[in-house]
Protein chains: 2
Amino acid sequence: MSTVGKAVSLLDVLGSGGAEMALADIARAADFDKATTRRLLVALIDNGLVEQDGGTRLYRLGAGIARLALMREAHFPFLRTGAPVVERLAAATGETAHLSEHSRRGLVSVHVVESARANRIFVPLGEQLPLHATASGIAFLAFAEPRVRAAAMTGGFEIYTPHTIVDPASLASHVEDARRRGYSIGSQGFEEGVDSAAAPILNAAGLATGAIALAAPRSRVTRGDLDRYGMLVAAAGREIGERLYGGGATPQLKQA
Amino acid sequence: MSTVGKAVSLLDVLGSGGAEMALADIARAADFDKATTRRLLVALIDNGLVEQDGGTRLYRLGAGIARLALMREAHFPFLRTGAPVVERLAAATGETAHLSEHSRRGLVSVHVVESARANRIFVPLGEQLPLHATASGIAFLAFAEPRVRAAAMTGGFEIYTPHTIVDPASLASHVEDARRRGYSIGSQGFEEGVDSAAAPILNAAGLATGAIALAAPRSRVTRGDLDRYGMLVAAAGREIGERLYGGGATPQLKQA
DNA sequence: TCGCGTCGTTTCATTATTTTCAACGGCATT
DNA sequence: AATGCCGTTGAAAATAATGAAACGACGCGA
């Protein structure tokens, strides 16, 4: 494992642990030597990616992370472009809408607007959405890079509910449906009682870079509602893709 | 220089350069060997911090950066806490308001709400605010960690306008004023025709972690206005500090 | 008050990684 | 066809990272 990889996994540990962590805990979680962990941490501190409380010696993610994220957002305004569309979707339907982006670590929710209703779906920011178990994941897979798709569809699927897809063939058929329709319908695959519709966000090459979705309590929506939501998210996804990648986005349909 | 330091400077180069950069350009900008640069980049790609366009081979900052930033924001909601206050300030005064956070690389603007008026001050997101030449910087210095302050006040000040403070003694007196009043007034130190008022954001130890400021065209504001703005930003800074660090923030005043 | 365990930190020889230089093939321009 | 630049790879040399051990500091319980 490269030094950079080790440093990044420390950042991951800091991000997924508590707000602040002690050296020993970080070393344990990352499975690195105490001394190694500390040296990596000071290197990260020197670069602003990690901060340390002078009093308690506890470590936390630093402001340099936010700085890098701002610079990225300046060049590639995924959030700035997608957020208004998500808000609009949520306002139009009264349900929770969320936007996710694909990174090496999976599909991650980057913006969420919760439904105003009392019975609403909650999606945490930064949550990793399993590709096989969520509508967003399936919409993404339907238009993902072949290598990413192949890697994600070979099996070993974690089971979240009795409805989670566990069979590669069944997953393939769902993905195929999504590819045909341009949106996916997910039913309680990740959490019981939650149905959702999702569509991919396509780059100029027609490959998915993220997804946008609506999630609703199963008791509130019919299959007809979900299909209607599907059309909405598909349009929303197209809009974001076009704004981001400049209008030239053409879905890679099989022959069509 | 440590390996992670090199990797981070590549991220910096990618962030401050164009939207996408070629290997040779990155290597030149960072002053690393071409081969070294590439191997660091692939390590970063493997961890999602950098992405590469399959077709053009161009590199850009990756979604992993945004993921880390979200995880940080979840633990330490600087933006989520500060943004509403900034919006309120801008609405109350009709001038541009902005929030900045201190990182190893300096004071960086993380949220900006522009004035609605035609003649308005523009502050780019992610901009580095020089500590000696901006109201935000001086407000920050007045309550900064002693070591940070000492490092920033020794001189070698870049000159931006004829009004930029270039003398350490003069800077010290401005900082002292800010410390006494709880806010700073900046007049055309960074950009001609721009006056501003800023206040620090203090952590539980009374040390500055960022700043909040109002900026207005010089032609529109009197000294009285600026002092009024100063009170407003001071209150706003206190509010953010208390929300973030939990009410216990006590400014480190000299004896007082 | 006195151990006791844990924590963060530092040292140093060993180990492993990274760096550098050179060379190669691809690609576009000349 | 030739030139120049690019991205990529190989292999020896240089450098940085590693892990065990030890130290002082701190908090805890006896």
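Worth knowing before you read on, the calculation uses all heavy atoms, side chains too, and leaves out hydrogens, waters and symmetry mates. In what follows, chains carry the letters A, B, and so on, assigned in the order in which the sequence lines appear, proteins first and then strands, with residues in each chain numbered from 1.
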What is the distance, rounded to the nearest whole Å, between atom [atom1] of [X] and atom [atom2] of [N]?
X: Ile26(B); N: dC5(D); atom1: CD1; atom2: P; value: 19 Å
X: Asp53(A); N: dG8(C); atom1: CG; atom2: C1'; value: 14 Å
X: Phe32(B); N: dT8(D); atom1: CZ; atom2: P; value: 18 Å
X: Leu58(A); N: dG8(C); atom1: CG; atom2: C1'; value: 12 Å
X: Leu23(B); N: dC6(D); atom1: CG; atom2: C1'; value: 8 Å
X: Asp33(B); N: dA13(D); atom1: CG; atom2: P; value: 17 Å
X: Leu41(A); N: dG8(C); atom1: CG; atom2: P; value: 10 Å
X: Leu40(B); N: dG7(D); atom1: CG; atom2: P; value: 15 Å

> Of all the choices, dT9(C), dC21(C), dT8(D), which nucleotide is nearest to the side chain of Arg39(B) once you look at every atom?
Replying inline: dC21(C)
> Ala22(A) side chain: which of dT9(C), dG8(C), dG7(D) is closest?
Replying inline: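 Side chain of Ala22(A) sits closest to dG8(C).
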> Do any N or O atoms from the side chain of Ser109(A) and from the backbone of Pro124(A) form a donor-acceptor pair under 3.5 angstrom?
Replying inline: yes
> Which is true for Ala24(A) with a 4.0 Å heavy-atom rule: it touches a base, it touches only sugar-phosphate, or it touches nothing?
Replying inline: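 Ala24(A): backbone/sugar contact only, no base atoms under 4.0 Å.
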> Hey, does Thr3(A) reach any base, or is it just sugar-phosphate, or nothing, if we go heavy atoms under 4.0 Å?
Replying inline: sugar-phosphate
>> Among Ile212(B), Leu129(B), Val86(B), exactly one meets side-chain contact (heavy atoms from CB on, under 4.5 Å) together with His98(B). Which residue is that?
In response: Leu129(B)
>> On DNA chain D, compare the nucleotides closest to Met21(B) and Val4(B); which residue's is nearer the 5' end?
In response: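 Its nearest nucleotide being more 5', the pick is Met21(B).
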> Which word best sums up how the rings of Phe76(B) and Tyr245(B) line up, parallel for under 30°, tilted for 30 to 60°, or perpendicular for over 60°?
Replying inline: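 Answer is tilted, since the angle falls between 30° and 60°.
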>> What I want to check is whether an N or O donor and acceptor connect the side chain of Lys34(B) with the base of dG7(D) at under 3.5 Å.
In response: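 By the distance-only test, yes, there is a pair.
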> What are the two closest non-hydrogen atoms of Ser100(A) and Leu107(A), and how far apart are they?
Replying inline: OG-CG, 3.6 Å
> Side-chain N or O of Arg38(B) less than 4.0 angstrom from OP1 or OP2 on dC6(D)?
Replying inline: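 False: Arg38(B) side-chain N/O out of range (4.0 Å or more) of dC6(D) OP1/OP2.
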>> Check this one for me: any side-chain N or O of Arg57(B) less than 4.0 Å away from OP1 or OP2 of dG26(C)?
In response: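 Checking dG26(C) against Arg57(B), no side-chain N or O comes under 4.0 Å of OP1 or OP2.
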>> Quick check on DNA chain C: between Thr36(B) and Asp25(A), whose nearest nucleotide comes earlier from the 5' end?
In response: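 The 5'-side residue here is Asp25(A).
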>> So Val42(A) and Arg38(A), do their side chains get closer than 4.5 Å, heavy atoms only?
In response: yes
